[in-house]
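The structure presented is a predicted model; accordingly, all values stated were derived computationally and were not measured. One-based numbering along the sequence shown.
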Amino acid sequence: MNNKLSPLIKERLKKHRHNINILLNKIIAYDHIAIFRHIRPDYDAMGSQLGLYYWIKENFPSKDVKFLGENHVSLSPRCFPNTDVVADSWFKDNKVLAIVVDTSTKGRVSDTRYTMGDYIVKIDHHPENKKYGDIQLVETTCCAAAEFVLSIILSFGNEYVLSKRSASFFYKGIVGDSNRFMYNSTSPMTFEIAKIILETGIKLSKVYAEMYQKDMNDLEITSYILNHLQFTKKGVGYYVLDKDEMEMLHLPPERGKDNIDLFDHVKGVEIWCSITEEAKDGYFRVSIRSKEIPINGVAAKYSGGGHAQASGAKIKNLDELPNLLKDLDDLIN
């Protein structure tokens, strides 16, 4: 166990010790390792994936390690390098350890070839519904998968190094999923892990510049959305972007929720959401956030789920939107 870890983190990892030992032994044993994460990746999915990827590469340089999944429409390669291109033969010709991070269900794994792995490890922080993989490491007290993955690899021992490069990716994952440490899922353990990351010497100004850089078109999109914000009588804030609006704004559906944080600090707004049309798939994607009120129950009612203050859902068309907004209104006293 790494002596840098606080008693709090050591206590949290205690129940996972058996599977943590299995994970380390598998990393040591396998010469070919593939790391996966969920579809439509966010900061945490890519941060935990890339952080683990570089940690393995730097501590086991002879191993052939890949990170897989579709690239992000705006964060790749500005914030995260483009993912590896790997032929099916790589999986067929080798014994592969598959590690899936930040993905609660197997249907959301970005690259289905994780099933071609000889041994599959799931590492996540979402509530677990249906298990998949040979072992599962799931810790819902972590604000981000990156927090948990880094806790695990730090527990492997002092003989392993954490580079600035690897640490910076873990930091992006933690910052992204905690909304810069503002969600209630942020805990004292989150800051313990952040402290260890900062001790590697990462430059915060560089990290944040990579995460939040905007171009002129982004400002035009924000301006448009600011002029089209709507509010219910109880103060649920929301904006809707249909197919035509996104085409006009040159905005891909994956980025429809980019401006959801405009509501973050608005007095009187306790819950807010973005509603973005996925014309190709025939539904509207809803991203829901709140200051304090748990909203994941309502998200589950609309084919979604997630965390208490950050969840996602789907509606078939805008005719369903009034019912969704009423359900969110009903959460507010």
Side-chain angles (χ1 to χ4, degrees), residues 9 12-30 32-56 60 63 65-70 80 83-84 86 91 94-156 166 169-170 173-174 176-177 185 189 193 296 300 304-307 310-312:
I9 297 173
R12 179 170 67 184
L13 295 178
K14 187 183 295 184
K15 64 184 177 183
H16 301 292
R17 179 47 51 194
H18 177 69
N19 282 348
I20 287 173
N21 289 337
I22 291 175
L23 172 61
L24 177 58
N25 289 333
K26 295 296 181 184
I27 290 173
I28 292 171
Y30 277 79
H32 299 83
I33 301 172
I35 307 173
F36 301 82
R37 37 80 175 154
H38 62 71
I39 58 174
R40 291 181 176 269
D42 55 11
Y43 285 115
D44 191 26
M46 302 185 86
S48 54
Q49 182 189 38
L50 269 297
L52 179 58
Y53 169 82
Y54 282 112
W55 182 86
I56 295 173
F60 303 92
K63 295 186 182 297
V65 190
K66 311 292 186 185
F67 64 100
L68 301 169
E70 82 273 26
F80 300 101
T83 49
D84 291 323
V86 179
F91 289 92
N94 301 294
K95 287 184 176 294
V96 177
L97 171 64
I99 304 174
V100 186
V101 298
D102 195 36
T103 311
S104 58
T105 60
K106 60 184 180 181
R108 283 184 52 77
V109 182
S110 180
D111 188 324
T112 58
R113 291 179 299 175
Y114 81 95
T115 58
M116 297 173 71
D118 291 84
Y119 197 88
I120 301 169
V121 179
K122 171 188 176 182
I123 310 176
D124 193 23
H125 72 129
H126 298 96
E128 191 166 38
N129 294 319
K130 294 183 179 180
K131 292 184 178 181
Y132 66 89
D134 293 288
I135 61 167
Q136 302 80 37
L137 284 156
V138 178
E139 183 52 66
T140 59
T141 65
C142 292
C143 75
E147 179 185 339
F148 188 37
V149 175
L150 183 50
S151 298
I152 290 169
I153 64 175
L154 288 171
S155 77
F156 289 159
S166 179
F169 287 119
F170 283 123
I174 292 170
D177 243 29
S185 56
M189 290 175 281
I193 291 295
N296 47 344
H307 302 292
S311 289

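- Ile174 approaches Ala144 most closely through the heavy-atom pair CA-CB, 3.9 Å.
- Residue pairs meeting the salt bridge (Lys or Arg N to Asp or Glu O under 4.0 Å) criterion with at least one member in residues 34-52, sequence neighbours excluded: Arg37-Glu70, Arg40-Glu278.
- Under the ring pair (Phe, Tyr, Trp, His ring centres under 6.0 Å) criterion, Phe148 pairs with His16, not counting sequence neighbours.
- Remark: the backbone N or O of Asn21 is paired with a side-chain donor or acceptor of Asn25 at under 3.5 angstrom.
- Applying the salt bridge (Lys or Arg N to Asp or Glu O under 4.0 Å) definition to pairs two or more places apart or across chains, those involving residues 116-129 are Lys122-Glu128.
- The salt bridge (Lys or Arg N to Asp or Glu O under 4.0 Å) pairs that include a residue from residues 145-154 are Arg12-Glu147, where partners are two or more places apart or lie in different chains.
- Qualifying salt bridge (charged side-chain N to carboxylate O under 4.0 Å, His left out) partners for Lys26, counting only residues two or more places apart in sequence or in other chains: none.
- Listed by chain and residue number, His125, His126 satisfy the ring pair (Phe, Tyr, Trp, His ring centres under 6.0 Å) test with His307 (two or more places apart in sequence, or in another chain).
- Using a 4.5 Å heavy-atom cutoff, the side chains of Ile99 and Tyr119 are not in contact.
- Remark: Phe169 engages Tyr54, Phe80 in a ring pair (Phe, Tyr, Trp, His ring centres under 6.0 Å) (not counting sequence neighbours).
- For Asp111, the side chain to side chain donor-acceptor pair (under 3.5 Å) partners two or more places apart in sequence, or in a different chain, are Arg113.
- In terms of the side chain to side chain donor-acceptor pair (under 3.5 Å) criterion, Ser166 has no residue partners (sequence neighbours excluded).
- Contacts classified as salt bridge (Lys or Arg N to Asp or Glu O under 4.0 Å) and involving residues 130-145 (residues at least two apart or in different chains) are given here: Lys15-Glu139.
- Contacts of Tyr53 classified as ring pair (Phe, Tyr, Trp, His ring centres under 6.0 Å), with partners at least two apart in sequence or in another chain: Phe67.
- For the side chain to side chain contact (heavy atoms under 4.5 Å, CB included) test, residues two or more places apart in sequence or in another chain that qualify with Arg108 are His38, Ile39, Thr103, Thr105.
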